[in-house]
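Report on the following structure.
Note that the structure is a prediction, hence the values are computed from the model and not measured. The chains referred to below are lettered A, B, ... by the order of the sequence lines, with proteins before strands, and numbering in each begins at 1.
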Amino acid sequence: MTVRLLRPVILATLTALACGAAVAGEVPTTLKGLSEATASDARVLRRLPSTLRSMRLSGETDGLVFPIWLTPAEATEGFTLRLAHVSAVSVMPEASRLTVAVNDRPVSEVAIASGGGARRDEFALPAHLLRPGWNAVRVSVDQRHRVDCSIASTWELWTEIDRARSGLVFPAGHRPDRRGVADVAGIAPDEHGRVAIRLVSGVESDPRQIERALRAAQALALIGGFLDPVVTVTREAESAPGLDVVVGRAAAASLGGEAARLQAGSIAVLDDGVAERLTVVLPGSDADVDRALDRLAELAMRPGEGSDAGLEARAGVGGRPIAPGERVRLSELGATSKEFNGRLFRLGLDVRLPADLYPADYAKVQLRLAGGLAPGLDRAARLTVRVDGKQAAGAPIVAPRGEVFDGRTLTIPLSAFKPGHNRIEIEAAVPAAADRTCDASTQIGGPARFLFVDRSELVFPSFARLARLPDLSATASGVLGRLAEESRPSLHVPHPDGAALSAAATFSTRVAIAAGRVDVPTIVFRNPAVDASSAIVVGALSDLPSTVVGAVGLEPAQVQAAWARRPLPRQASGVPTRVPDALARRVAGLSVAGGFTDVDPIVTGSLQGRVLTTLPSSDPDLVDRWRRSMESPWSPAAFTRQAGIRFEKLFDFLPNFGGERALEGFTPSPTTGLVIAQSISPAGGAWTLVTAPSSSVLAEAVATVTGGEDWTRLSGAAASWDQVEEKVSTIEARHVGFLATAGFDFANLRLVAAALASDYPYGFILAAFLVTAALGLATARLLPRIATVKP
Amino acid sequence: MPAFTPLLRWIAATIAMLALATAPIGVTAELALGSAVIVAMFAVKRLGSGAVQRHVYLALGTLIVLRYVWWRTTETLPPIDDLVGFSAGLTLYVAEMFCVGMLFISLFVIADPLQRPPARRLKPEDCPSVDVFVPSYDESAELVAATLAAATTMDWPADKLRVHLLDDGGTTQKRNAADPVAAAESEARHHEMKALAENLGAIYLTREKNVSAKAGNLNAALAQTSGDLIAVFDADHAPTHDFLQETVGHFAEDPRLFLVQTPHFFLNPDPIEKNLVTWARMPSENEMFYSVIQRGLDRWNAAFFCGSAAVLRRSALEEAGGFSGISITEDCETALDLHSRGWTSRFVDKPMIAGLQPETLAQFIGQRSRWCRGMVQILMMKNPLFKSGLSMAQRIAYLSSSLFWLFPLPRAIFVVAPLLYIFFGVKLYVANVHEFVAYTVIYMIVNMLMQNHLYGRVRWPWISELYEYIQMPYLTRAIGSVVMNPKKPTFNVTAKGVVTEEARLSELAKPYFVIFAVLAAASVVAFQRFFADPEINDLMLVVGLWNTFNLVIAGVALGVVAERPERRRAQRLDVAHKAEFVIGDTVLPVVVEDISIGGVRLRPLGHVPAGLRLAGAVGTLIVGVERTGGPAHVTVRARRIGADEHGVFWGMQFDRLTSAGYRVVAEVMYGHASVLDRFRERRRSGKSLVSGTAQFLRWAIGESGRAVQLAARRKPGRASLPAQGELIPLATVEDDRRFA
């Protein structure tokens, strides 16, 4: 039943996209008026898009950057930025500021008042700073503690922005005046910052049509700069916020009206005038659609237009991609120069390394810092670099008479990184004597202690390119799509109901976004053959034979037993088109865990959450940190640890191939909502399984896990997402295999050999012995022949 | 092409080696590799000493060296924007790479040291005629007499052997010197030498003017003689009687042969051996050169002339216009010229001369300074790389011998570099402690193992470093002066007859004390800062350890500049020669246990009559001289009566040696080359890296302490000449040997 409120209007048809300004040729037509949700405030709120960061700004200095797409009409119009925020009680208002900048130009600053609950500020964004296309909006804070000047106290400082109630505010009756495919980037995200993409299949599911629709969805997500869209597969277009993708003649016809008469092979953008939604139609025969998809995929690889800062912010969504051997200025990663007068300077940088990166100790990443130190700092002053939360480099930075440096180098071993997304945190602890008295003036207008200059650089080495699987981090970044043809997996959805298909589509789209390119595997509506080399299987546990579950290293009986203890769902849930509210999610999770039928959300959310779940309690990092804090820096253990010597690794004679019982220590509980597991198959490929207790939980959990930062936490051989803890836990891979990826040339071969040699020194040593023996023999044979005096 | 197969295989293995050497593996893997290679090297050593084991051993070491070079080149140079650090770092890097380059050149040179089979003995009628040249400048008559006596009694048909004393101290120019005293001395010498030569059956030759030093002296004699072959002995180098038998046969085997060189062997210690008291147990410094390097050079037809103890072909010399004299190392230069003309050389590794070497540091430095300057002259004026006619192997060989003498420069850089960091914070090496251990320490260990494998029998660990350090302060200047003015150096003769009478500091001691003090201060500063200053990173530890290593060498060197008194005037050689001792009417059978040109030690065989008054008595020693027929009589005076576990022995001094007496000494001392060989062999027990290092550390503490005590007690004095009436003073002449 086509219940579209408005007659769709054909905005544009594209028949050729060969020229550079691909979307510029579209011809706009007028829009009809549209009904606006009537509220007390008639203005239109467009929420901020999700990034890899949560909306919490913490510590003495922090900042968030949002790429914002504006149509030419919006860019000339000018509008405001509304921020609803709340801060920690310990934040000192006199010394704490929240600053908004557009395209690197500060526009406004407010004091952070705390204690009074949430605040709402509006900042006018002047039109002269805006450009059509991508713009960068930066929200940064400087926060100081009311009473404590210790380094530890800085961790108590935070300001949280309420995503649901913040965003760009356009005047009432705002018309975005969207003119082409690129303007999908302007679609308003939901209250989680996520964009819904609906694949309107229109007909009974046909895997080939789903593939096409998915390809279109991925391309549009890339064009739109969406980090984590929630993709659903539906029969019909809906009038909900988000993006409807209609692919194929039959689907287009189902739209009725003018949409049915669109030119085959075109890419049509239908705007019904509602700012928060848009429809993209690819009409025509399969061949027409495929041609249009190729053009769309090509468009997706273009950087788009906008201000420099905007384009950088856009490129930084999901972490800026890093090419081998690249030298990146930190300003390109969103950092800005800063004169800092607090005591703990922190800077987080998101980078995206190749999915088929083989991280090992064969190379190093250099951080070349430019900046300065004020005289008279404490001796404890120190620079620390963390990669994904783990300390990777550090050095004392004491200069009693002050120092200005350019190119102070910290070396980070490449083994500290993982394929795909990595967060590099640079931390400068600069305590001073004044901190001990902690006079208010120290906090309010103390002299600058540390200077950070954003021309500091990160210098990356050449990377060895090889898929080392299982590795969910690499998988989440698209390594499977880079495997050689024979080991590239198909996407199996054995029970293709809407929920399972949606889960598969969301998963696949998130991978494509991380990979930065359209990549849709062949979709198959059945289980993979037992002897298949590679496969990705997405489905509820009940739809999967135990062979599939066992193939990825899970114990089928164990998983079944855990999930059998879940109560039956209260009502058969359909396909969730959006991520449920966090509290609702937790309530659902708790009801699952406790078997309660009626749970008071307030109580359960705050009290019972932690009690009911049993997590593996040992936190090796914690114990390790304690041990480390007590040992002498001269002990052999400290020495070997600093050297990165992992003795057990020395005894890994050769890589351990095969997937027998790879997942020791993996115990799913009833509250486990999603399991992703991977293993090397006996046929030499990789099997990946995404499963949940039921289709609806699967769709919901995939939608949650693909969101924001959670996706970057996937790593190792298996990951599980706990519905109550709202936390991803992972299991390290113990038995790994290696699969070649594209671009396997001689230079890469050398690096791969070096990487393998670093991880498995015995193999290298064996090779060294063989070669030296050969050289010794060859020399002994050669010498009598070339000697002047023959023996 | 089967002939090319081994070469292709070798190239393939080398490429694989380079691939391994440049693989960028992590620090952990590097440490594992390094440790495994060290273990493997020990294992291969245990497998035996065949050619394959030797080359596998060296290939293992080479891998580590190459990996170090690659890492050092690609990762450790300071950034170029720190100009001071970069230039200092680059200098250090170049110095290190020079050493690595020298290592690879020496690996080539001594790839397969040649052990020559003995030469064919010629029938008397086939023997070529030999002119023996004994060039002398101002050596004492006694010394020259011993040499002439030994030379004239060499086994060779008498009609084909002529011994010439080439006296440069009695030339017309000298006899007519402006200074009447000098002229008179020269005149007296002229007559004394002439008489001495005639008594011993040698021919006295002198010339008009002292031009072109030793080369000129030899060339003058060349013009006045006509033998087929020329044997050259320095005035203190007395040959054994089989010298010609062992060498001349080679000339019959190879008509293009221009040179047969033999090792130089010394009867006295050099200052290092004397002051560290190692003479009796440690192989002499030059043994590495003669027993390993010259044999290695011989494999590539590149053994070169060392000025003495060699036989040369007259026709070759005449073709080249005589001995070359552009540089002050005329011997090596002559060989270089003749090799480039297509002549060949051979080396016979059997010591057949016994000579003397400088005993005080000042003499030692003077001698080394001349070699160094001469070899640098060759490098600058007759660079073997560009000289036509040489084979590639010969070019590398001569390059190795001449480049070796640049060692003072890297040695000086290694001493100064850590100071720059400790005192001025100049960063010249980008590495952390873990990398330093995994790369640098492993490299140093492997390097030492390779050196020990190659030279271990003839060189204790760290001794090469010590010799280099000792020469460094003065030779650095010598190199500088040659580079500024390559033609300036002249052949200077060092003071002779210098002996050390009492414990004293060498007159050259000052720089060594200064360097030691600076290094000690630097080590204190380094460790104090490392432990007290949180800002200082682990680089300070590394540099501090490196500086301390230099300090250890400098400490041992202090022991070398603190001269020990040398009580024994004439160097003795252990022998076992039966003789009879006649005192009054008593004839006692005795054994000559050791002998020098000063005297003998006798041990009576059988019963000694009671009441024999020996002290101060004069007797006659009757020694059977087999080859000259009949016993010879020598008058001796008893000086000392002693006893040890074998019973009584008597120390006897020669009363006054006649020419016949010299023949006896020559017969007993030099009659059997095996005596020298045995002595040399006895010291070659080798020393492991561990015990050598332990020994070196003990020296560093003990010897520096001794030197500091000595410095506190008295000021550096000049060496004194022996008082009149003492035992025979020993002369040392500039001798021509160079060691690599």
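- If you take CG on B:Asp112 and OG1 on A:Thr779, they are separated by 11.0 Å, rounding to the nearest 0.5 Å.
- Neither the backbone nor the side chain of A:Ala360 comes within contact range of chain B; no heavy atom of the residue lies under 4.5 Å from a heavy atom of that chain.
- Distance CZ/B:Phe108 to CG/A:Leu783: 8.5 Å, rounded to 0.5 Å.
- Contact count against chain B (heavy-atom pairs under 4.5 Å) is highest for A:Ala787 among A:Ala755, A:Ala464, A:Ala787, A:Ala380.
- No more than 12 heavy atoms of other residues, nucleotides or ligands lie within 6.0 Å of CH2 in B:Trp10, so this atom counts as exposed by the packing criterion.
- Shortest non-hydrogen contact noted between A:Ser758 and B:Ala29 is CA-CB, 3.8 Å.
- When all heavy atoms of A:Ala757 and B:Ile25 are compared, the pair lying nearest together is CB-CG2, 3.2 Å.
- Contacts of A:Leu414 with chain B are absent, with no heavy-atom separation under 4.5 Å from either backbone or side chain.
- Residue B:Thr22 touches chain A through both its backbone and its side chain, counting heavy-atom pairs closer than 4.5 Å.
- The contact between B:Glu75 and chain A is made entirely by side chain atoms (from C-beta outward), counting heavy-atom distances below 4.5 Å.
- With a threshold of 4.5 angstrom between heavy atoms, A:Ala768 approaches chain B through its backbone and through its side chain.
- For B:Arg116, the CZ atom sits in a packed shell: over 12 heavy atoms of surrounding residues, nucleotides or ligands are nearer than 6.0 Å.
- For chain A, the nearby part of B:Asp298 is the backbone; its heavy atoms alone come within less than 4.5 Å.
- Here the shortest heavy-atom pairing between A:Ala754 and B:Pro24 reads CB-CD, 3.2 Å.
- Residue B:Glu30: no heavy atom, backbone or side chain, is found under 4.5 Å from chain A.
- With rounding to the nearest 0.5 Å, the separation of CG in B:Leu33 from CZ in A:Phe769 is 7.5 Å.
- To the nearest 0.5 angstrom, A:Leu782 atom CG is 9.5 Å from B:His55 atom NE2.
- The neighbour count for A:Arg329 CZ, taken as heavy atoms of other residues, nucleotides or ligands under 6.0 Å away, does not exceed 12.
- Among A:Arg781, A:Arg382, A:Arg750, the residue making the largest number of heavy-atom pairs under 4.5 Å with chain B is A:Arg750.
- For residues 34-50 of chain B, the interface with chain A (any heavy-atom pair closer than 4.5 Å) comprises B:Ala36, B:Val37, B:Ala40, sorted by residue number.
- Expressed to the nearest 0.5 Å, how far CD1 of A:Ile765 lies from CG of B:Leu20 amounts to 11.5 Å.
- What you find for B:Arg299 and A:Val789 is that their closest heavy atoms are NH1-O, 2.6 Å.
- Interface remark: A:Lys364 contributes side-chain atoms only to the contact with chain B (heavy atom separation under 4.5 Å).
- For the atom pair CG (A:Leu775) and CG (B:Leu60), the distance works out to 9.5 Å, reported to the nearest 0.5 Å.
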